[in-house]
Amino acid sequence: DLAEDSPGISPYCLCQIYLSVFFVLFLQDGSKQRQARKKTVSFSSMPSDRKMNSTAACMAFMMEGCEMKKVRSNSRMYSRYFLLDPDMRWLRWEPSKKDSEKAKLEIKSIKEVRLGKKTPVLRSNGLSDQFPDECAFSIIYGDNYESLDLVASTADVVSTWVMGLRYLVSYGRHMVGVVEPSQPSVRTSWIGSMFELADPERQGHIDLFRATQIIKGLNPGMRESRIELKFKELQKAKDCYGEGIDLDLFVEAYCELCTRPEIFFLLVQFSSNKEYLDSKDLMLFVEVEQGVEGVTEEMCREIVRKFEPSAEGRDNGYLSIDGFTHYLLSSECHIFDPQHKHVCQDMAQPLSHYYINSSHNASLLEDHYWGSSDLSSYVRALRMGCRSLEVVVWDGVDCEPVVYVHVINQYAFESSEYPLILCLVTHCSVPQQRVMAQHLKKILGDKLHIEPPNMEDHYLPSPEKLKGKILIKGKSLPSDSQDSEGEVTDEEEVTLCKSVQFRDFETSKREQKHWQICSFNEVDANRFANEFPEDFVSYNKRFLSRVYPTPMRIDASNMNPQDFWKCGCQIVAMNYQTPGLMMDLNLGWFRQNGNCGYVLRPAIMREEVSYFSANARDSLPGVSAQLLHIKVISGQNLPKPRGSAAKGDVVEPYIYVEIHGIPADCAEQRTKTVSQNGDNPIFDESFEFQINLPELAALRFVVLDDDYIGDEFIGQYTIPFECLLPGYRHVPLQSLTGEFLPNTTLFVHVAITNRRGGGKAHKRGLSVRKGRKAREYTSTKTTGIKVVDELFRASTQPLREATDLRENVQNAMVSFKELCGLTPAANMKQCILTVSSWLMNSERAQRVTVDLSGAYPTMEAHGPVPELLRKVLTAYDTMIQTSRTLIESADGVYSKLTQAQRAGLDFHEDLHRIGAREGLKGRKLQKAMESYAWNITVLKVCTFSSCSIMLFPLYPI
């Protein structure tokens, strides 16, 4: 009745009035009310019809209570029924052996509420596998910063308690009466203005169709049937079914339909005004959570002007929950780094140093035997960034080959200005080949690259130098040949991509010219990758290689391009007409450099002296692996799979998170299936992946339907690791054929670190805090050449020093973060903000000063401080001191490693001769060369890492 009689009053105000009444009615005998509760009642999960879209809903749920597990310091767990007192002053739990007055916690004593396993008790090995991270939270309370560690049945329950408790901690002492009862909220006023626009005659109500269209217009991805159902549910609950929609009903429906709980949770965390983010709140979010540098208040005011829907909010610089949602859904919070939407890599390297987007049989629409041919497929491939195009030419009337060339000439550089390689497969007679050559010169004109290769060079020209040029890789076939990749052409070719037949790696090393290119059937390429992985990588440092599908793929299916990219193969020809995982990887991969068709290969695959094995199943020499932390939070507007025969609109989605790269990095994990509210599911699941070679890794999200009959594929998105942005990000989903699904996204959180936290290892034997066990050092290998081995042996000590400096800093950072109650994925700004919040929320006066006058910032406590805070300050000092040691020692270590590296490289030219002189030959000599390359790689990597630890996060204070 209160809601119906109070038009324009915000849900927050109504909550305060309701709670005030509740306080008067029940405070008199709260203990009896608790004793009368049936202790057998508990909630195993959040009720399906209950959506936490306001603090009022959180408070109501908490006062109703639910069963959770209380974790003690001995790692034992006990089920207890937890509830918030009606006066919102106490958190109580029952049953308990304690007196009921002792089984309680005063809200004002709470210092912090931590989400996840972020206390020593919850991190203990005995508990790490018993429940997921998202089902745990801790309440830090009292002057000694004790912890009440709890485990709930679902992540939804955890989010509700954490959101509600954090709200009470921030505003609990002055909740009632903060907002005048007659004052509507920014959001309510804006929703009311939308209603008034649809009710120009001021009748006080609008019809169902119009109300539905308004909400649909404000949320384009929402299904009309869902909006109509919500209105009918609310009308039925208010006994006004079939009547017009009044303002109160419209506001209630909008808030329930359009409030995303996970975003509301974020807003409450960062808001200093309860209902919205002001420019300072937004600055904190953008800088600390999103990792954006150089954020200013003016930048945040511009975000408000751009995304806040209400005029009042824009005028006052407030970002409401709707504006915040619009901002998070915008391109500014896309997971893909916008810097990579343009050419951002060095394009002056030799052509052989790039992966090149390549098409196989582009003219076919379906498969190789029954598919039809269509010129539009050439156009489509070129527009998708293809820079190596296979053109099959047959004898025909009316100069049919000329038509193909005209099309290619028209669209060759529409999407990219970098060189296009035409791989001509000629099935025509010699006279027709000569005619074709004339037409190529005539039609392509100046675009055709006809300059002979420079015999003095050792590498091909760069993409930058070949801008706007078309290179011809031509081949002719004997009249009796059926192989689409047959013999090479004769003297009719003068080109940078002259085809030659591959015999073996040793012969190529002696005889192959840098402008010559070999094509490999995928079967042969796979064999070389498995039997000679180091040789294949070394070969591709200088020469171009093209891998094409085996003729056995009569259905035009695709090979996995990663199988050959890891070997350094530049041109992996794909059947563009066949969608699926392999094309997803190919198209996603080439987005990272402005979709120009060229991607610079990892340095370890380009440098003349370096060691890399394509089949490496462990970390690379001297490289500290990175850790990718992905939290899949929710999905938005997920459609039924195309082709699904299941009835109705029910979707039961689950998500695979996949890593594609070198064998050591390949992994996948999946979420649970969400069976309720499947088109807008909440997952709240966290995953962690070890990435050993980030430059060759790609992340893929795949959304599937568990309730399918027929097709299960909903959508996917593939992104190179190097293009990931940290923080809270939306992931746009694509259909099977690559089109972006309108308004269909995933909401995720991304963090990248180079060190795990405490607790038990995850999967695939990942290390756990190397500082807690014997430290592993990268060592050099024996070559069998005495003078070379003595040189590398002298570098052992500086290599150990470099490892110790790096590991000590990283371990100190992790320890500091964990004591602050944060994960290793947190940044230093989050740590400092956490410590400052402890001090501000303390009942007892505690003074900590920060001294920025010296070269290294110090934090010092004045007077007695709690044990936890003392440990935090000690950990901070340790982190600063280890960082100082690294900075002051780095030059000396760098000098030793650089000297050893240069001395080692002096042997490069004569190594083969020196080895032979010492009696090494055959496989032993080859092994010596590999060990030498390994040692040089270790020295290079350690030289770089010893001086490139990013220390700037230490100075956010």
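Computed from a predicted model, the values in this text were never measured in an experiment.
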Apply ring-ring contact (aromatic ring centres under 6.0 Å, His included) to the pair F264 and F324, showing each step before the final yes or no.
CA-CA 9 Å; F264 181 70; F324 192 37; over 10 Å; no
Heavy-atom check, side chain of [X] versus side chain of [Y], under 4.5 Å:
X    : Y    : answer
L165 : I107 : yes
V835 : V848 : no
D337 : H340 : yes
Y654 : V674 : no
T296 : C300 : no
H660 : W589 : no
W161 : M163 : no
W838 : S836 : no

Between the side chains of [X] and [Y], does any donor sit under 3.5 Å from an acceptor?
X    : Y    : answer
D156 : T154 : no
E685 : Q669 : no
T753 : H629 : yes

The side chain to side chain contact (heavy atoms under 4.5 Å, CB included) partner of L699 among V750, V748, I691, I630 is I630
Testing L746, T745, V731 one by one against I335 for a side chain to side chain contact (heavy atoms under 4.5 Å, CB included), which residue passes?
V731
Does D851 form a side-chain hydrogen bond (donor to acceptor under 3.5 Å, both in side chains) with S853? I'd like the steps, not just the answer.
CA-CA 6 Å; D851 185 1; S853 60; 2.6 Å; yes
Taking the six-membered ring of [Y], is NZ or CZ of [X] closer than 6.0 Å to its centre and within 45° of its axis?
X    : Y    : result
K781 : F792 : no
R260 : F747 : yes
K117 : F131 : yes

Mark yes when over 12 heavy atoms from residues, nucleotides or ligands other than [X] sit less than 6.0 Å from its [atom1]; otherwise mark no.
X    : atom1 : value
E332 : CD    : yes
K672 : NZ    : yes
E722 : CD    : yes

Where the side chain of [X] meets the backbone of [Y], is there a donor-acceptor pair that is under 3.5 Å apart?
X    : Y    : answer
T671 : I655 : yes
K70  : Y78  : no
Q592 : C723 : no
N827 : V288 : yes

Does this structure show an ion pair linking [X] with [Y], if we count only N-O contacts that are shorter than 4.0 Å?
X    : Y    : answer
K829 : E287 : yes
R114 : E112 : yes
E607 : K940 : yes
D684 : K631 : yes
D149 : R72  : no

So which heavy atom on [X] is nearest to which on [Y], and how close?
X    : Y    : value
Q290 : C333 : NE2-SG, 3.8 Å
L897 : A802 : CD1-CB, 4.2 Å
A614 : K566 : O-CD, 3.2 Å
Y728 : E289 : CE1-OE1, 3.4 Å
F137 : L122 : O-CD1, 4.1 Å
A625 : N692 : CB-OD1, 3.5 Å

Which distance, rounded to the nearest 0.5 Å, do you find between the [atom1] of [X] and the [atom2] of [Y]?
X    : Y    : atom1 : atom2 : result
L148 : Y141 : CG    : OH    : 6.5 Å
R806 : T882 : CZ    : OG1   : 13.5 Å
Q626 : L628 : CD    : CG    : 9.0 Å
S109 : I140 : OG    : CD1   : 11.0 Å
L819 : L868 : CG    : CG    : 6.5 Å
F612 : L693 : CZ    : CG    : 5.5 Å

How far apart are the C-alpha atoms of D143 and K111, what are their side-chain angles, what is the distance that settles it, and do they pass the side-chain contact (heavy atoms from CB on, under 4.5 Å) test?
CA-CA 9 Å; D143 290 334; K111 308 297 183 186; 3.7 Å; yes
For the ring pair F816 and Y876, is the centre-to-centre distance below 6.0 Å?
yes
Test ring-ring contact (aromatic ring centres under 6.0 Å, His included) applied to F285 and F270, step by step
CA-CA 7 Å; F285 175 78; F270 284 88; 5.3 Å; yes
Evaluate I139 against L91 for side-chain contact (heavy atoms from CB on, under 4.5 Å), listing each step before the verdict.
CA-CA 11 Å; I139 301 171; L91 172 64; 3.6 Å; yes
Under the side-chain hydrogen bond (donor to acceptor under 3.5 Å, both in side chains) criterion, do D804 and Y777 qualify, and how do the steps go?
CA-CA 9 Å; D804 285 338; Y777 294 96; 2.6 Å; yes
Pair T849-E860, side-chain hydrogen bond (donor to acceptor under 3.5 Å, both in side chains): steps then yes or no
CA-CA 5 Å; T849 58; E860 182 181 357; 4.9 Å; no
Is there a side-chain contact (heavy atoms from CB on, under 4.5 Å) between V71 and V151 once you walk through the steps?
CA-CA 7 Å; V71 186; V151 178; 3.8 Å; yes
Could you walk me through whether S779 and T796 pass side-chain contact (heavy atoms from CB on, under 4.5 Å), step by step?
CA-CA 7 Å; S779 59; T796 300; over 6 Å; no
